[in-house]
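Everything on this sheet refers to the single structure shown next.
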Amino acid sequence: MFGYILANMEQLSPEDRYRYQSYYCGLCRALGNRHNPLCRMTLSYDITFLALFLSAVYDAPESLHNQKCRVHPLKKQEYLKSEILDYAADMNIYLAYYNMLDDWNDDKNLLSLGESRLLEKECKKVEQSFPRQCRVIREKLDELSRIEKANVLIPDVPANSFGDLMGELFVPFEDSLDERLRTFGKALGKYIYILDACMDLKKDLKKQSYNPLVICQKKEFDDILHMLMSDVVSSYQALNFQKDRAIIENILFSGVLIKYELYKKRGVKKK
């Protein structure tokens, strides 16, 4: 369900592309500085968006740095440091850990099991720093597991659970913005869950895996996604901020659809 919240780089200006990259590199640095250096392998564009979005909403203080790294040993890369990026790094670790456990439980993937063991100690540190978020993540993942085992074919049920999980991620602080941020995160989470289900339907049918859309017709998918995106848009507009809007709107209204549009094009070519 992760891997969709990324930028459409071709439509970003050079300046915005550079800034987006500085957040990505900043998250990578935060992962290495706050956790085991191997934790950098969990770096994700989804959590880069979380850091970018929360930094914009709070207009958070940040500092720009310039340094070489193992991935870019020849040229210094600019990266950002901030409290929000530190928070995002911790959430990145926690989600990656449970994603690896999920891969182990679903497919008995020994590599995922081994990788999850490397993150156990780091996850305990995150739980101490952010008990509220970690509790909700665990509860909602357990809830999703029960829904899947019960083969619940009402799409809103699992989508709401995943939405609640995402909603909590978007609330780093309990303050005057928390409810609006939680509403936005939930709307985005529901959209991503259903988008993922749309794209995985054919594969899940073949593998006889759970998918809440098995009773829906493929021609309905676009309408369902448009309806869910309207909730994302309205909750986004309620936050009313200006910082990095071009990058954020590129991701929300173009980037998240890149994989889905490619998926539809492949279907047309096959026909």
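Start at 1 with the first residue, then count along the sequence.
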Practice task
Evaluate side-chain contact (heavy atoms from CB on, under 4.5 Å) for Cys123 paired with Glu120, printing each intermediate quantity in order.
Solution key: CA-CA 5 Å; Cys123 281; Glu120 283 180 355; 5.8 Å; no
Exercise for the section: Start with the C-alpha gap between Tyr87 and Ser129, add the side-chain angles, then the distance that decides, and say whether side-chain contact (heavy atoms from CB on, under 4.5 Å) holds. Expected result: CA-CA 9 Å; Tyr87 168 76; Ser129 300; over 6 Å; no
Practice task
Would you check, one step at a time, whether the test side-chain contact (heavy atoms from CB on, under 4.5 Å) holds for Met229 with Val233?
Solution key: CA-CA 6 Å; Met229 179 51 76; Val233 172; 4.2 Å; yes
Problem - Full working for salt bridge (Lys or Arg N to Asp or Glu O under 4.0 Å) between Arg19 and Glu62 - result: CA-CA 12 Å; Arg19 182 159 175 78; Glu62 57 192 30; 2.7 Å; yes
Exercise for the section: Evaluate the side-chain contact (heavy atoms from CB on, under 4.5 Å) criterion for residues Asp164 and Lys186: first the C-alpha distance (whole Å), next the side-chain angles of each, then the deciding distance (0.1 Å), finally the verdict. Expected result: CA-CA 5 Å; Asp164 288 338; Lys186 179 167 184 173; 3.0 Å; yes
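With a 6.0 Å radius and a threshold of 12 heavy atoms from other residues, nucleotides or ligands, Gln208 has its CD atom at or below the threshold. The 12-atom threshold is not exceeded at CD1 of Ile154, counting heavy atoms of other residues, nucleotides or ligands nearer than 6.0 Å. More than 12 heavy atoms of other residues, nucleotides or ligands sit less than 6.0 Å from atom NZ of Lys259.
Note on ring orientation: taking the six-membered ring where Trp is involved, the planes of His65 and Tyr79 are parallel (angle under 30°, cut-offs 30° and 60°). Using a 30° and 60° split on the angle between ring planes, Tyr20 and Tyr45 fall in the parallel class, below 30°. The aromatic rings of Phe184 and Phe53 lie parallel to each other, with less than 30° between the two planes, well short of the 60° mark.
Side-chain N or O atoms of Gln67 include none that pairs as donor or acceptor with a backbone N or O of Glu78 at under 3.5 Å. Between the Asp46 side chain and the Ile5 main chain, a donor and an acceptor come within less than 3.5 Å of each other. At distances below 3.5 Å, not a single donor-acceptor pair connects side-chain atoms of Arg40 with backbone N or O atoms of Leu31. Of the possible donor and acceptor atoms, one in the side chain of Asn92 sits under 3.5 Å from a partner among the backbone N and O of Thr42. The closest donor-acceptor contact from the side chain of Asn250 to the backbone of Asn8 lies under 3.5 Å. Side chain of Arg182 to main chain of Glu168: no donor-acceptor pair is present (N/O by atom type, distance under 3.5 Å, no hydrogens or angles). Between the side chain of Ser145 and the backbone N or O of Leu141, no donor-acceptor pair lies under 3.5 Å. Here the side chain of Ser254 pairs no donor or acceptor atom with the backbone of Ile251 at under 3.5 angstrom. A donor-acceptor pair is defined here as one N or O able to donate and one able to accept, closer than 3.5 Å; no such pair exists between the side chain of Asp204 and the backbone of Ser209.
Judged by distance alone, the side chains of Tyr4 and Asp196 do bring a donor and an acceptor atom under 3.5 Å apart. Side-chain contact annotation: Tyr94 with Arg138, donor-acceptor N/O pair under 3.5 Å present. Checking Glu143 against Ser161 by side-chain atom types alone, a donor-acceptor pair falls below 3.5 Å. Side-chain atoms of Tyr260 and Asp222 form a donor-acceptor pair, as typed in the model, at a separation below 3.5 Å.
Put simply, OH on Tyr191 and CD1 on Ile224 are 12.0 Å apart, with the number rounded to the nearest 0.5 Å. Atom CE in Met166 sits 13.5 Å away from atom OH in Tyr193 (nearest 0.5 Å). The NZ atom of Lys202 lies 14.5 Å from the NZ atom of Lys207; values are rounded to the nearest 0.5 Å.
Across Leu12 and Ala246, no two heavy atoms sit closer than the pair CD2-O, 4.4 Å. Considering all non-hydrogen atoms of both residues, Leu50 and Leu169 come closest at CD1-O, 3.7 Å. Nearest heavy atoms, Pro212 versus Pro155: O-CG, 3.5 Å. The two residues Leu177 and Leu239 come nearest to each other via the heavy atoms CD2-CD2, 4.5 Å. Of all heavy-atom pairs between Cys198 and Phe221, the closest is SG-CG, 3.6 Å. Across every non-hydrogen atom of Leu27 and Ala88, the tightest pair is CD1-C, 3.9 Å.
In terms of the side-chain contact (heavy atoms from CB on, under 4.5 Å) criterion, residue partners of Gln217 (sequence neighbours excluded) are, by chain and number, Lys219, Glu220.
Of the options Lys125, Gln133, His35, a side chain to side chain donor-acceptor pair (under 3.5 Å) to Asp90 is made by His35 and by none of the others.
Proximity of Arg132 to Val171: side-chain heavy atoms (C-beta onward) are separated by under 4.5 Å at one or more points.
Taking the six-membered ring for Trp and the full ring otherwise, Phe241 and Tyr58 have centroids separated by 6.0 Å or more.
Linking Ile, Leu, Val, Met, Phe, Trp and Tyr residues whenever their side-chain heavy atoms come within less than 4.5 Å places Val157 and Leu153 in a single cluster. Under a hydrophobic-cluster definition in which Ile, Leu, Val, Met, Phe, Trp and Tyr are linked whenever side-chain heavy atoms come within less than 4.5 Å, directly or via other members, Leu43 and Phe49 are assigned to the same cluster. Transitive grouping of hydrophobic side chains (ILVMFWY, heavy atoms separated by less than 4.5 Å) keeps Met227 and Met199 in distinct clusters. Under a hydrophobic-cluster definition in which Ile, Leu, Val, Met, Phe, Trp and Tyr are linked whenever side-chain heavy atoms come within less than 4.5 Å, directly or via other members, Tyr23 and Tyr18 are assigned to different clusters. Residues Leu188 and Val136 do not share a hydrophobic cluster, clusters being chains of Ile/Leu/Val/Met/Phe/Trp/Tyr side chains in contact below 4.5 Å.
The cationic atom of Lys140 (NZ for Lys, CZ for Arg) does not lie both less than 6.0 Å from the six-membered ring centre of Phe162 and within 45° of the ring axis.
Ionic pairing of Lys190 and Asp231 is not present here: no N-O contact between side-chain nitrogen and carboxylate oxygen is shorter than 4.0 angstrom. One finds no salt bridge joining Glu127 and Lys124 here, because no Lys/Arg side-chain nitrogen approaches an Asp/Glu carboxylate oxygen to under 4.0 Å.
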